[in-house]
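The structure under discussion appears below in the form of structure tokens.
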Amino acid sequence: MTTFDNIKKYAKARGMNLQEVAKQSGLSANMIYQYKKMNPKIDTLNKIASTLHVSVNDLLGKEDKKTADEKDLQEFLKDNMEHGMTYADHELTDEEKERLKIAMTQIFWKYHDKY
């Protein structure tokens, strides 16, 4: 994916169109469309990344091994699944713990790229 494609993807995830992203980033309304053919300057990438609440690496398509949020989720699930989860003072069964783990992971990924 190109930088333009990534900007478009993150804008859509936040319910914004490219003109809104440009305006909130202090750019002219159609400036982002120029990034189909050229790469933005680093200061422009920083402004767009800030508007979309993502990293410049996200816009450039460079993937980190794991984000801090992903590590936090994995640590939370590991700690809580192994150390007796309860609901209404009843210990959850292994099957219930696994269902909860799946549900929490799905919720995490559903909202992870939106913020």
Less than 3.5 Å apart, which donor and acceptor atoms pair up between the side chains of residues 90-101 and the rest of the protein, not counting sequence neighbours?
unit_1: Thr93; atom_1: OG1; unit_2: Glu96; atom_2: N; d: 3.1
unit_1: Thr93; atom_1: OG1; unit_2: Glu96; atom_2: OE1; d: 3.3
unit_1: Glu96; atom_1: OE1; unit_2: Thr93; atom_2: N; d: 2.8

### Message
Rounded to the nearest 0.5 Å, what separates atom CE in Met1 from atom CD1 in Ile7?
### Response
11.0 Å
### Message
Under the rule for side chain to side chain contact (heavy atoms under 4.5 Å, CB included), what residues qualify as partners of Ser50, not counting sequence neighbours?
### Response
none
### Query
Between Val54 and Leu59, which heavy-atom pair has the shortest distance, and what is it?
CG2-CD2, 3.8 Å
### Query
Who passes side chain to side chain donor-acceptor pair (under 3.5 Å) against Thr51, sequence neighbours left out?
Ser25
### Task
Kindly compute the distance separating CD1 (Ile42) from CG (Asn46), expressed to the nearest 0.5 Å.
5.0 Å
### Task
Kindly indicate, with the supporting measurements, whether the criterion side-chain contact (heavy atoms from CB on, under 4.5 Å) is fulfilled by Met16 and Gln24.
CA-CA 10 Å; Met16 299 172 73; Gln24 289 185 28; 3.6 Å; yes
### Donor-acceptor contact below 3.5 Å, side chain Glu20 vs main chain Asn17
yes
### Query
Applying side chain to side chain donor-acceptor pair (under 3.5 Å), which residue pairs with at least one partner in residues 28-41 are found, sequence neighbours left out?
Gln19-Tyr33
### Shortest non-hydrogen contact between Leu18 and Lys8, atoms and distance
CD2-CA, 3.8 Å
### Summary
Taking every heavy atom of Ala22 against every heavy atom of Ile32, the minimum-distance pair comes out as N-CD1, 3.7 Å
### Task
Return yes if some donor-acceptor pair links the side-chain N/O of Asn6 with the main-chain N/O of Thr3 below 3.5 Å, else return no.
no
### Query
By side chain to side chain donor-acceptor pair (under 3.5 Å), which residues pair with Asp5, not counting sequence neighbours?
Thr2
